[in-house]
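Notes follow the structure.
The chains referred to below are lettered A, B, ... by the order of the sequence lines, with proteins before strands, and numbering in each begins at 1. As the structure is a prediction and not an experimental result, all values here were calculated from the model.
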Number of protein chains: 2
Amino acid sequence: MELKEALDTLKDTGVRITPQRHAILEYLINSMSHPTADDIYKALEGKFPNMSVATVYNNLRVFREVGLVKELTYGDASSRFDFVTTHHYHVICESCGKIVDFHYPGLDEVEHLASHVTGFKISHHRMEIYGTCPECASKEAH
Amino acid sequence: MELKEALDTLKDTGVRITPQRHAILEYLINSMSHPTADDIYKALEGKFPNMSVATVYNNLRVFREVGLVKELTYGDASSRFDFVTTHHYHVICESCGKIVDFHYPGLDEVEHLASHVTGFKISHHRMEIYGTCPECASKEAH
DNA sequence: TACACTATTTATAAAGATTATAAAGTAAGA
DNA sequence: TCTTACTTTATAATCTTTATAAATAGTGTA
């Protein structure tokens, strides 16, 4: 169960587990969308009537620093937050061909805009990122 | 000369050429960095002591709508703006193979994060978006 | 060149997101 | 249970961006 693992990660990193943190993580994991801080705040209003917006922001920052959560800036007003899952792309070394997994939440926004601009019914996309891996980069330096 | 072409683009699109617009475009073209709106505002303070910040924002939006400029969200506080060169993606119809250009800004963030996470020195990325074009979609409907 | 029409600029205020601060509260180990 | 340091809360401040309305200035036309 993802929530349990996430809480373990917090424990291992020495981050206290508060009811608010528990709830925010739970919401992020169960959320299919990419909620904004305000979405989360509003969603948990019922359970925590006294919770401050600052608490949401503070904890999202903590989660991000620990690596549990990714912050997405799609260009609209507010950042979106996503629990880090398994969807990933590939980063490919142009020198030795090594492929490294790169976890990044789906580029739903790109598909959305593509659909809007071209009128296509989008089914999926592919993306690869190219560059030089650290090993090859250090070889080149010699 | 890029500035001349940019001004022509404005003319063709029916956008008036004002001294402020001229100066903002010039600054964007000559700038090697990705300036924020405030950077531009400050840079042109000397030439236009009375220029409003709103003018900078308004015109950056106009330029973006016309396709001369792209807006980058790197995740920090404010957007950065970049004079558009030629970069674009392709949307491909899985039924008839038609390829449509799709202009999209902002995947610099993906490269940036990939570099940060994998240690690669990123050179570029490729992305294709797949779907069904409007024509094929309407054929299928029959 | 002068005129008129409308887009644009300016100045200001407002909105919205995020962060800072300080006091009150609480998780977690001894 | 007790203690201590970390968290939460409440509030205000900051920062970026947009909205508004009056003043200004481009651009086509006569």
Side-chain angles (χ1 to χ4, degrees), chain A residues 6-27 34-66 68-81, chain B residues 6-27 34-66 68-81 105-106:
Chain A
L7 293 175
D8 284 348
T9 302
L10 289 189
K11 216 167 207 168
D12 294 347
T13 332
V15 175
R16 286 189 187 168
I17 298 165
T18 66
Q20 293 90 339
R21 284 181 178 160
H22 191 286
I24 293 173
L25 271 182
E26 196 172 23
Y27 180 79
H34 298 157
T36 64
D38 198 58
D39 291 337
I40 299 170
Y41 176 62
K42 286 204 171 59
L44 301 180
E45 231 171 13
K47 208 181 281 183
F48 298 90
N50 294 324
M51 186 167 64
S52 168
V53 214
T55 299
V56 177
Y57 278 101
N58 286 339
N59 289 329
L60 287 172
R61 184 175 56 229
V62 169
F63 296 159
R64 188 190 56 203
E65 285 167 359
V66 171
L68 283 176
V69 159
K70 284 238 151 59
E71 181 173 358
L72 312 174
T73 55
Y74 278 147
D76 49 351
S78 43
S79 288
R80 297 168 176 285
F81 295 87
Chain B
L7 292 175
D8 284 347
T9 301
L10 289 189
K11 215 167 208 170
D12 294 346
T13 332
V15 175
R16 285 189 188 166
I17 298 165
T18 66
Q20 293 88 339
R21 284 181 178 159
H22 191 287
I24 294 173
L25 270 181
E26 196 171 22
Y27 181 78
H34 298 158
T36 65
D38 198 57
D39 291 338
I40 299 170
Y41 176 61
K42 286 203 170 60
L44 301 180
E45 231 172 13
K47 208 180 282 184
F48 299 90
N50 295 323
M51 187 168 63
S52 167
V53 213
T55 298
V56 177
Y57 278 101
N58 286 339
N59 289 328
L60 287 172
R61 183 174 59 229
V62 169
F63 297 157
R64 189 189 54 202
E65 285 166 359
V66 171
L68 282 178
V69 158
K70 66 180 169 180
E71 181 173 358
L72 312 174
T73 54
Y74 279 150
D76 49 354
S78 43
S79 288
R80 296 165 175 288
F81 296 86

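Rounded to an integer number of Å, the gap from A:Leu7 CG to C:dA28 C1' is 15 Å. One interatomic measurement links the two molecules: CG of A:Asn50 to C1' of D:dT7, which rounds to 15 Å at whole-angstrom precision. When the P atom of C:dT8 is taken as reference, atom CZ of B:Phe48 falls 16 Å away, rounded to whole Å. Atom CG of A:Leu10 is separated from atom C1' of D:dT7 by 13 Å (rounded to the nearest Å).
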For nucleotides 20-22 of chain D, give me every protein contact, N/O to N/O, under 3.5 Å, one pair per line with atom names.
none

Between N or O atoms, less than 3.5 Å apart, protein on one side and nucleotides 26-30 of chain D on the other: list the pairs.
unit_1: D:dG26; atom_1: N2; unit_2: B:Arg16; atom_2: NH2; d: 3.0
unit_1: D:dT27; atom_1: OP1; unit_2: B:Ile17; atom_2: N; d: 3.0

Side-chain atoms of residues 58-65 of chain A: list all donor-acceptor pairs with protein atoms under 3.5 Å, sequence neighbours left out, distances to 0.1 Å.
unit_1: A:Asn58; atom_1: OD1; unit_2: A:Arg61; atom_2: NH2; d: 3.3
unit_1: A:Asn58; atom_1: ND2; unit_2: A:Ala54; atom_2: O; d: 3.2
unit_1: A:Asn59; atom_1: OD1; unit_2: A:Arg21; atom_2: NE; d: 2.7
unit_1: A:Asn59; atom_1: OD1; unit_2: A:Arg21; atom_2: NH2; d: 3.2
unit_1: A:Asn59; atom_1: ND2; unit_2: A:Thr55; atom_2: O; d: 3.1
unit_1: A:Arg64; atom_1: NH1; unit_2: A:Glu71; atom_2: OE1; d: 2.3

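In the region residues 35-47 of chain A, proximity to DNA chain D at under 4.0 angstrom, judged on heavy atoms, holds for none of the residues.
For residues 6-18 of chain B, no residue pair satisfies the salt bridge (Lys or Arg N to Asp or Glu O under 4.0 Å) rule, not counting sequence neighbours. Sequence neighbours left out, the pairs with a member in residues 40-50 of chain B that pass salt bridge (Lys or Arg N to Asp or Glu O under 4.0 Å) are B:Asp38-B:Lys42.
Between A:Tyr57 and C:dT18 there is a side-chain N or O to OP1 or OP2 distance below 4.0 Å. Remark: B:Ser52 is not in phosphate contact with C:dA11, judged by side-chain N or O atoms under 4.0 Å from OP1 or OP2.
Residue B:Thr55 has its side chain nearest to C:dT9 when only D:dT8, C:dA17, C:dT9 are considered.
Between the side chain of A:Ser78 and the base of C:dA17, no donor-acceptor pair of N or O atoms lies under 3.5 Å.
In this structure, the helix from C:dT1-D:dA30 to C:dA30-D:dT1 shows an angle of 40° between the axis at its start and the axis at its end, each fitted on 5 base pairs and rounded to 10°.
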